[in-house]
Structures are given as structure tokens and as C-alpha cells.
Student: 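Please read through the structure below; I'll follow up with questions.
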Amino acid sequence: MAEEKSHAAPRFLFPFKPYSIQEEFMTALYNVLEGGKIGIFESPTGTGKSLSLICGALTWLRDFEEKKKLEAAQLLEDCAPQQGLSQDLQNSSAVDCKESEAKASGGELDWITEFVQKKAERDLVDKLKDEELKRKRREERLEQTRNNVQLKYALKRKRDEDDTEHLIQMSREVVTPGQASSTETLDGEDESFVLADYESEDEKKPKDSSLSDEDDLEEEHVTKIYYCSRTHSQLAQFIHEVQKSPFGKEIRLVSLGSRQNMCVNDDVRHLRTVQMINDRCLEMQKNKRADRKHSGTEKESPNRKRKSRVTCPFYSYEQMQFLRDELLVEVKDIEQLVLLGKEMKACPYYASRYAIPPAQLVVMPYQTLLHSSTRQASGIKLKGQVLVIDEAHNLIDTITGIHSYKVTGSQLCCAHSQLSQYMERYRSRLKAKNLMYIKQILYILVNLLQVLGGKVGQNPNTQKIFQGGTELQSINDFLFRAQFDNINLFKVQRYYVKSMLSRKLFGFVEKYQVLASKPNDTENQKGSKTAALENFLQKLNEKSAGQVTPHEHGEDLEKEQPVMASPMMQVEGFLFALTSTNKDGRVVIQRQGTVSQSSMKFLLLNPAVHFAEVVKECRAVVIAGGTMQPVEDFKDQLLLASGVSADRLAEFSCGHVIPPENILPIIVCSGPSGQQLEFTYQKRDKPQLLDECGRVLVNLCKVVPGGIVCFFPSYDYEKQVYTHWEKTGLLAQLEAKKKVFQEPKKASQVEQVLSEYSRCIQHSSQLPGLVTGALLFSVVGGKMSEGINFSDDLGRCVVMVGMPFPNVNSPELLEKMAYLDKILPKTDGKNPGKLLVENLCMKAVNQSIGRAIRHREDYATIVLLDHRYTRPNILNKLPTWIRGRTQVEASFGPTLKAIGKFFRDKKTSGDVE
């Protein structure tokens, strides 16, 4: 009976007695994982969401592994038919049985059916024995790593010996200079830029013969949980929560990151761009394989010395295996892993990837998981695994952003010029197939520039655009207009990948750019043709400087595309996007000013096309966040559109841990003078409305202690309001009570403003006077609307000025609305496009107002300045824990009275305590 009870109500390991909502969260999560469902989980910040995720998911994983182990042991013991096996074990063995039964029902002999069934059982037993053997070997190895101190000392001795050997080798090279001159060395480097014969199989990675024959590299993936979040700081915070949890000592966790974050080779990690770091790392690996191949197969002539290649001393398979085991026996974040990698002289980047198969919990950023090629390159296998996506309120935008590509006229000109020079430089060395594809790509670049109204061979900064504007076209129409609809872009895409054209072109340009920047170098004595090439590339780079970065005004850096070091890489991404299905995307053509300022962007309309693979492969998917309302977008655009059936979806939303009396949300319909508050695009610039908004804030500053955070719909509107209040004297009235701060546009200045804002509030509380705190003007969707905690006195009141609807005249948004209107039915008589606009607005509002309440003892007021918040369709999109406490006030007097009473009560209760 006890056994049955444990299945019905799992016993969760938790560091303390959980709140009831945490218990409910973990139970719902457990059921989603056990049932193989897709769950949307909402748990406000301050309710212990991370800990609930960790303990709920890892409790399920513990029970799952235990159940699987018991069933396997039972089967191995009696080798009986698997009548009592769990669904997971049955699925792995019953395919052949089902096929044989189907044939038997068609009239085949019973002995054939029995033979096939017994063979399936024998195969399952063999598989289970093999898995059990691997599991025992893995556990023994990790236990040895955990306890065998002598082994660590032996490894340290070996590293010291290797260092000594390396120093001796370096001294020999200094004493006996190489035979080759510097020019020959450069020619050798040039050799690496030449494209391999495309018809051969040379591009495939040769198998590293030095790798151990053990099945570590090809180790079967155990059932695991993949956890991803937006930023490295959020991932580090999650790992620290795991370390503090009851699972911290036993869980096998690995954290994945980029080479930029994990490289320990000083010569590589100090390179200027991510792409240079990646290329140098791959080049060093290639050199190591080549050296090993030569040393094993080639006898060197005494008169001919082979050129030594630069290799990475940290790329040692043996040491990386030791590092892999070290990170599996104890939970480590990326910083701890990097420090250990330096100490052990092993590469953390590759050690972490070797650790994926045996790991139980794999932690990584969004992009690693959501981008298919990055996922495959990292060695992530989702088949039958559990996926948890945290901080998922912007999941749709993230997927859309990762798979949308923008290329400017400057990048197109630069890519064409670089590729032309490359082809001229190596024409005699390139095979016919390579030349054919390079000419095809040059043809495509010429035509793309023509669409923007530009020409190759001319400076894009001086080519004027006489007919500006924005156009939006389907993929097929765009290809026809660009006149390369007859080119098979799938073949071009395959060529890019196999030949590594963008990488080789990048290395080629980087080399000559660096050489050209050293005028006194002896290399300048080379032939005039090469020198001219260097100077040309250097000037080209100078001309295109500042045009490559795709950052847009006021955007959050987290949401942007990574900066591409090479124009060709950006072009490559854009061309890949054009292979999408016609209905899933659009091309936005924007002409303005000059060719260099003009651009074309692939806009992904259907994020489900990239998420479908993830959903289909995973056993279960959990999409979690502090504020997930409204959830219709997730269901309609992402999950149902990915082919998920409605019965596989599960929703969970919990209240807050704070007492109901600790929050006071108020919708304010009118200001102190009776002016209705309606900040529509048509009315929000009126002086009388701006004055009324200012008077509301002046009154709030009189009754609210500590800090007030006021959110505006945009940077431009915030600036307009601030300027108006400066002229009318309202700003001076505000500053009499609260010191005023403005959110900076530069991310680098955010920390400074926040620290000054915090210091001002702290100072005011310690030395009471006329100034009672600070007022911070922020922007919805800006740098302070997400990820910043305005806890306690930093945010006793959050004010939302108006409703931050997106720009409905944006061609991209109009196209997205039209697309949804085509594929989705109406809801309550409303078009899906209009619902999208409402949902985007309310997602932004919910993220902003959620900044105030950050823990159980916190308290704050939330003031929504716009009568439109009273509309049922808008009110229902607020988070449940806020909506249930929201008051609606038609006039301002009762509003101020309620807020004053709220803070007086808090002060009184605080004094009593």
C-alpha cells in the first residue's frame, strides 16, 4: 500500500517545508513529466520558482531512474515476458513484437510469432545488461575520481612533466631556428584558406586516432533534464540554487557555454571576435590531428624539416576526460569549471560536451538549444529527454529573432569585394566546382544589391537612394524579383556548409587586414599585387566600419542577433533563411539615404516551424516564467501550430506567497483636476494630459515612501514628458519630494544609475527630511523592465503611464497580424491579429509591474494610469495574483486616500513588530 501511495503522491526533497503553492507547483510539474506533456507554468518572482523547478523535476528523475532500475533487475532475474514493465521500457522493446502480432493476425504460423517475441525479449535483456554494465563502470569511475586523492597527485605530476617537456621543446626551437622564411610561413597559412575540392570528402572531420577506444565519446545518453534560460547570469544563479538544494551533492550537472566564455588558452581567448576565437580553436585541433597523422605515417627527411603547427596545449583527450569526471562528481558553474580547467590543463569547452551523455542535468543558454545547427554541434540529443525553458515570457520573440536575418547594403558590397579578391588570389588553385559556386554567390550578391538600388565596385556610403521606402514581399516573389529564383539555394546552402567558405574568407581577410596595418613589417616587400590586395582590404574594412553591427536604437542587448565579424556570414544566414517555406516568412526591403544604410531582412512569421522538432523529440517540455500571461500566444502560435494536441497541453498558474494585504493595484481613470486619463497615440501629446499626469505623480510622491518607478511606453515619449515638465515647473515640484533619475539608453550606464538611485533612497531613509526618496523614469521593454529587482524600498510604487501598444503601422507587425488572421480562427469575435497587439501590450505591462514584489515580506502599490485598463478583455490579461486585488477608481481622491492608508498601515504594523 505504501508503494502505491508513493506513486500517487511523490515525496519531494526540499531544503525546508515548502509553501502550499510550491507543493502544488512541484506536483503539477511531476505529473507533466510523468505523463509526457507540454506544461506552461507561471510562478511569480519571489515564490521560489527555481527551487520548485529543481526539486520537482529532479524528484521525478530520481523516481524514474529507480523504477527503471527495479524493472530491469526484475527482468534480468527471471527473463520473463515484460508484463509489468513501465511504458518507457515496453516502448524500447515492443516494436518487433507488435509487427509480428500484426502479421500473425493475417494468418502466419504461431511459432513464427513466438520466435519473434522471444528474440525481442532476448534483445531487450542484452540491451539491459549492456546498460547496467555501462552504468556500473560510470559510477565506479566517478567514485574513483571523487575519492582517489593519489590519482590527482599523479595527474599533477604528469602535468608538471608535460610543462617541462614543453619548455625544453621551446628552447630547442629558439636555439635552432626553422628553415622556412617568414614569407614561406605565410604561404603555408594561405594554403589553409584555399577551398578543398568540393567533389571530394576532404571536408569531413578525420577521426582522431589518439582517442580512447572506450565508449566515452559515443556513450549512450542517459535520461536527463535540459534546462535553459536567457542569460549566463540567470544560469549561474540557477546552478547555485541546485548546489544549495538536497540534490546538490549527488546530481551529475554540466553547464554549457560558448568558447568565448570557456576558453582557457590566453592566446585564443584574447582575440577580438567570437568568430576569430572559434576559427583559431578549430584550426589548432586540425593542426594537432595533422601533426599526429604525420608523426605516425611520415618519415621525415634529414634535409627537409616539416613546418611546426600551432596546437592547443589544453586540447588533450586524456586531461579532458579527467576534467569531465571532475565536473560530473560535483556541481560547478562556468566560472568554477574554467578555473578547474586552467588548473588541470584541460579544455572546459570540450570537457563539458564530453560530459553531456552521462549528465542528468544540462544547463545552457537559449540559443544553444533553440538553434538546430548549434544544438547538433554541441552534441545535444533531445530524443526522449525532458526540456525546461525558464524565463520563457519572450520565447516566441527569441525564436523569431534567432531565425530572422538582416543584411545591409554595406555588408553586401563588402562581401562581394572580399569574395572577388579571394577568387582572384586563388583562382589557379580552385577546382571547377568551387569556381562555379563562387561565381553563383557573386551573381546573387550583385542581384541583391540591385534590389536595394546599388551597384558593386562602388562605395556604398556615397551611393544615394532616390526612391526610399519600405516594401514587404513573399519569399518566392523576392527570389523572382532578385532574378535568382532559378538557382537552387539548397545546393548553395550545402556548399557553404561543406566548403566552410565563410570561415576561409574570414581568415583570408583577417590575415591581410592585420598585415596591412603593419606598414614597417618586412612583409611589405612582397609583390605589388599582394600589397595592393592588403591595402584594398584594409580600406574596405575602414569604409564598412560601423555598418556591420545590427543593434537597433533602444533595443535590449539580450534580444539582438550576435554581431557577425564577417559580412559573408551575415549574407550566408540571410540566404539560408530564404530556403524557408514561402508561407512561413517574408522579406522586408528598406531603402533609405544611401545603399549602406539600406537593408533587407528575412522576417520569420511562423516560429512553430523551428520549435516543432524540439516538441516532437522531447518526452516532455516545460515552459516556465514569472509572468506568462496572456498564454494564448504560446498555445496558438507555438504549441498547437507545432502539431501538439490540445490534450497534451497542461497549464499551471500559482498565486504569490505574499499576504493579499501586501499589494494594492489600482486603475486610475481620472487625475486630480478630473481630466480623463487616456494615453492613446492621438491624445497622449496634449499639454493638459501631460500636466494631469504630472500632478498625479506629484501627489504620489507626497504619500509613497522610498522609491517610485514610473514606466513610459517609449524612450521618445519619456523624453517628451520630461522636457514638458521641465518647462511647466512640474519637474521642480517632483524633485522637491523625490530625486528624479532617468533610465539610460546605454546598457553600460544602467548599473551606475541604479546604484545612485539606491543610494539616494537609503540616504533618505536614514536622514529624514523634505526629500523622501527617489523617482525613476523607466521605459517599457527597456533595460529596467526585465531582470532588475526593485525590492523593498527600491520600488514601493510602480506607475504605468498609458498602455504600451506596439506600433501597429510597422510593416513587420502588420504582416504578422495578417498571417495570424489567415491561420487562426476568431476569438470572441476578435481577429487574431488584434489579439496579438493586445497580448504584446499586456505582456510588456505584466513584466514591468512585476518588478516591485520580489519576496514574501515585500509590499508595494501598482498604479495603472489609463481608464482602458478597466476593460474586461484587458483586465483579464493581468496576472491572477494582481487581478484578484485590483481596485478601480473613477476619481483621483479615493485613489490617493487608499494609497495613503496602505502605507500608514504598513508603517504601523512595522512599528508594532
Side-chain angles (χ1 to χ4, degrees), residues 6-64 225-230 234-235 237-248 251 361 363 386-393 395 618-631 634-635 639 648-660 662-663 789 846-847 850 853-858 878-884:
S6 69
H7 281 295
R11 187 175 61 83
F12 295 107
L13 290 178
F14 212 73
F16 49 83
K17 182 172 173 53
Y19 303 132
S20 58
I21 59 172
Q22 292 172 328
E23 191 87 46
E24 291 164 13
F25 184 103
M26 290 188 288
T27 303
L29 176 64
Y30 192 101
N31 292 336
V32 164
L33 303 188
E34 185 67 17
K37 295 190 172 186
I38 313 293
I40 301 174
F41 283 73
E42 181 180 53
S43 179
T45 305
T47 55
K49 171 171 60 75
S50 295
L51 199 55
S52 300
L53 276 171
I54 290 163
C55 295
L58 294 182
T59 297
W60 172 83
L61 185 62
R62 177 202 64 188
D63 292 352
F64 177 82
I225 295 164
Y226 287 106
Y227 172 91
C228 62
S229 192
R230 286 191 319 127
Q234 287 168 341
L235 294 174
Q237 191 177 343
F238 177 81
I239 292 169
H240 294 152
E241 290 284 344
V242 174
Q243 289 171 330
K244 291 186 288 185
S245 78
F247 296 91
I251 193 73
L361 180 57
V363 178
V386 170
L387 171 62
V388 176
I389 302 175
D390 201 1
E391 301 296 332
H393 53 274
L395 182 59
C618 288
R619 170 199 174 96
V621 177
V622 174
I623 300 171
T627 306
M628 299 296 288
Q629 292 293 338
V631 297
F634 293 102
K635 291 195 285 189
L639 301 175
R648 199 185 168 199
L649 291 178
E651 279 183 60
F652 176 84
S653 179
C654 69
H656 214 295
V657 290
I658 61 165
N662 276 22
I663 182 175
N789 292 342
N846 293 341
Q847 277 303 307
I853 303 291
R854 311 309 287 175
H855 59 84
R856 183 177 173 81
E857 284 77 34
D858 208 354
L878 287 170
T880 315
W881 62 279
I882 293 177
R883 185 170 70 235

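Computed from heavy atoms alone, side chains included, the values below leave out hydrogens, waters and symmetry copies.
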Student: Determine, for R11 against D63, whether the closest basic-nitrogen to carboxylate-oxygen distance falls under 4.0 angstrom.
Tutor: no
Student: Not counting sequence neighbours, which residues clear side-chain hydrogen bond (donor to acceptor under 3.5 Å, both in side chains) with S245? List them please.
Tutor: none
Student: Sequence neighbours left out, what passes side-chain hydrogen bond (donor to acceptor under 3.5 Å, both in side chains) with E241? Give chain and number order.
Tutor: none
Student: Hey, are the side chains of L33 and V622 touching, using non-hydrogen atoms and a 4.5 Å cut-off?
Tutor: yes
Student: Quick test of your reading: applying salt bridge (charged side-chain N to carboxylate O under 4.0 Å, His left out), list the pairs with at least one residue in residues 650-659, sequence neighbours left out, ordered by first then second residue.
Tutor: K635-E651
Student: For the backbone of E34 and the side chain of R619, can you confirm whether one donor and one acceptor N or O come within less than 3.5 Å of each other?
Tutor: yes
Student: With sequence neighbours left out, write down each residue that passes side-chain hydrogen bond (donor to acceptor under 3.5 Å, both in side chains) with E42, or none if nothing qualifies.
Tutor: S653
Student: Hey, what do you get for CZ (F14) to CD (E23), rounding to the nearest 0.5 Å?
Tutor: 8.5 Å
Student: Taking side-chain hydrogen bond (donor to acceptor under 3.5 Å, both in side chains) as the test, write out the residues that go with K37, two or more places apart.
Tutor: none
Student: Partners of Y227 by ring pair (Phe, Tyr, Trp, His ring centres under 6.0 Å), sequence neighbours excluded?
Tutor: F238
Student: Check whether any side-chain heavy atom of F247 sits under 4.5 Å from a side-chain heavy atom of V242, and report yes or no.
Tutor: no
Student: Please name the residue in the list L61, V386, I54, I251 that meets the side-chain contact (heavy atoms from CB on, under 4.5 Å) test with L361.
Tutor: I251
